[in-house]
Amino acid sequence: MWSGIEYGELSESVGRGAVKLIDIRQPWELIQTGKLPGSYNIPMNQLVHALSLNEHQFLHQYNFPKPRPRDSNVVLTCRSGRRVRVAWNQLEPLGYCNVRLYFGSYLDWKANGGPLLEPDFSQTLQ
């Protein structure tokens with residue numbers, strides 16, 4: 001079963017660099033709204049394929065180290081929290097059982113006054 005994370009804990013973890021935050025929204029959504037600090041983008045429709053890549057391929061394509069199935073500091077976020085639930089159901093069979101879900105996602109982050117950054121796709125969109 002999935003484990004959630006709330007704004008306060010996530011904000012603190014992001015500030016310490018203690019979390020690998022993966023935003024599963026589409027790149028155009030990030031351009032329109034901004035992204036959570038420290039987050040990396042893997043669109044939901046690429047998630048299973050991305051995690052099937054070897055570490056070198058993953059790093060080259062997504063510009064951050066590939067999470068390991070047992071990592072406990074991986075958090076998924078989307079716009080409202082709906083897609084993270086769907087994504088978790090795709091990841092569990094791959095062994096990613098410790099992934100945490102930010103149920104409020106972008107909308108909760110924004111409502112709590114969390115900072116947002118402009119996305120940089122210069123290295124990920126080719």
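Just the heavy atoms: all of them, side chains too, but no hydrogens, waters or symmetry mates, feed the values below.
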Problem set entry | Shared hydrophobic cluster, Val75 / Val48 (ILVMFWY, side-chain heavy atoms < 4.5 Å) | no

Problem set entry | Heavy-atom neighbours of Arg68 CZ exceed 12 at 6.0 Å | no

Problem set entry | Distance (rounded to the nearest 0.5 Å) between Ser52 OG and Lys66 NZ | 7.0 Å

For this session: Take Leu116 and Leu36 through the side chain to side chain contact (heavy atoms under 4.5 Å, CB included) test and state the conclusion after the steps.
Result: CA-CA 5 Å; Leu116 294 167; Leu36 281 63; 4.2 Å; yes

Exercise. What's the spacing between Gln26 CD and Cys78 SG if we round to 0.5 Å?
Worked result: 11.5 Å

Exercise. Under a 4.5 Å cut-off applied to non-hydrogen side-chain atoms, are Ile22 and Ser39 in contact?
Worked result: no

Problem set entry | ILVMFWY cluster membership beyond Leu117 - transitive side-chain contacts under 4.5 angstrom | none

Exercise. Taking atom CG of Leu51 and atom NE2 of His49, what is their separation to the nearest 0.5 Å?
Worked result: 10.0 Å

Exercise. Judged by atom type as modelled, is there a donor-acceptor pair below 3.5 Å linking the side chain of Asp71 to the main-chain atoms of Asn73?
Worked result: no

Exercise. Does Ile5 reach the side chain of Leu101, with side-chain heavy atoms less than 4.5 Å apart?
Worked result: no

For this session: Measure the CG-CD distance between Asn112 and Glu6 for me, rounded to the nearest 0.5 Å.
Result: 9.5 Å

Problem set entry | Side-chain touch Pro65/Lys20, heavy atoms, less than 4.5 angstrom | yes

Problem set entry | Verdict with supporting geometry, Asp108 and Tyr102, side chain to side chain contact (heavy atoms under 4.5 Å, CB included) | CA-CA 9 Å; Asp108 183 64; Tyr102 183 23; 2.6 Å; yes

Exercise. Do the non-hydrogen side-chain atoms of Pro115 and Pro37 ever get within less than 4.5 Å of each other?
Worked result: yes

For this session: Tell me yes or no: between the side chains of Asp23 and Tyr40, is some donor less than 3.5 Å from an acceptor?
Result: no

Exercise. Should the ring pair Tyr62 and Phe58 be called parallel, tilted or perpendicular, given that the plane angle runs from 0 to 90° and is split at 30 and 60?
Worked result: tilted

Seminar exercise, completed: One should read off an interatomic distance between Glu118 CD and Thr33 OG1, to the nearest 0.5 angstrom, of 11.0 Å

Problem set entry | For the student: nearest non-hydrogen atoms of Val74 and Pro67, plus distance | CG2-CB, 3.8 Å

For this session: Is it possible for you to say whether Phe103 and Tyr106 belong to one hydrophobic cluster, with membership spreading through side-chain heavy-atom contacts below 4.5 Å?
Result: no

Exercise. Mind checking whether Lys35 and Asn41 have side chains closer than 4.5 Å, heavy atoms only?
Worked result: no

Problem set entry | Joint hydrophobic cluster, Leu107 plus Val84, side-chain heavy atoms closer than 4.5 Å | no

For this session: Can you measure from CD1 (Ile24) to CD1 (Ile42) and round to the nearest 0.5 angstrom?
Result: 9.5 Å

Exercise. Tell me, do Pro27 and Pro43 make a side-chain contact under 4.5 Å, heavy atoms counted?
Worked result: yes

For this session: Using the test ring-ring contact (aromatic ring centres under 6.0 Å, His included), find all partners of Tyr96 that sit at least two apart in sequence or belong to another chain.
Result: none

For this session: Examine Trp88 and Val86 and state if one hydrophobic cluster contains both, with Ile, Leu, Val, Met, Phe, Trp and Tyr joined whenever side-chain heavy atoms are less than 4.5 Å apart.
Result: yes

For this session: Give the intermediate values and the outcome of salt bridge (Lys or Arg N to Asp or Glu O under 4.0 Å) for residues Glu29 and Arg83.
Result: CA-CA 13 Å; Glu29 293 177 272; Arg83 281 178 276 188; 2.8 Å; yes

For this session: Would you name the heavy atoms of Ala87 and Leu47 that are closest together and state the gap between them?
Result: CB-CD2, 3.7 Å

For this session: Check whether any side-chain N or O of Glu92 sits under 3.5 Å from a backbone N or O of Asn89 as a donor-acceptor pair, and report yes or no.
Result: no

Problem set entry | Set of side-chain hydrogen bond (donor to acceptor under 3.5 Å, both in side chains) partners for Arg100, sequence neighbours left out | Glu9

Problem set entry | Residue pair Leu21, Leu76: steps toward the side chain to side chain contact (heavy atoms under 4.5 Å, CB included) verdict | CA-CA 6 Å; Leu21 185 59; Leu76 297 182; over 6 Å; no

For this session: Step by step, work out the side chain to side chain contact (heavy atoms under 4.5 Å, CB included) result for Ser11 and Trp109.
Result: CA-CA 9 Å; Ser11 178; Trp109 184 266; 4.2 Å; yes

Problem set entry | Over 12 non-hydrogen atoms of neighbours within 6.0 angstrom of CZ in Arg70 | no

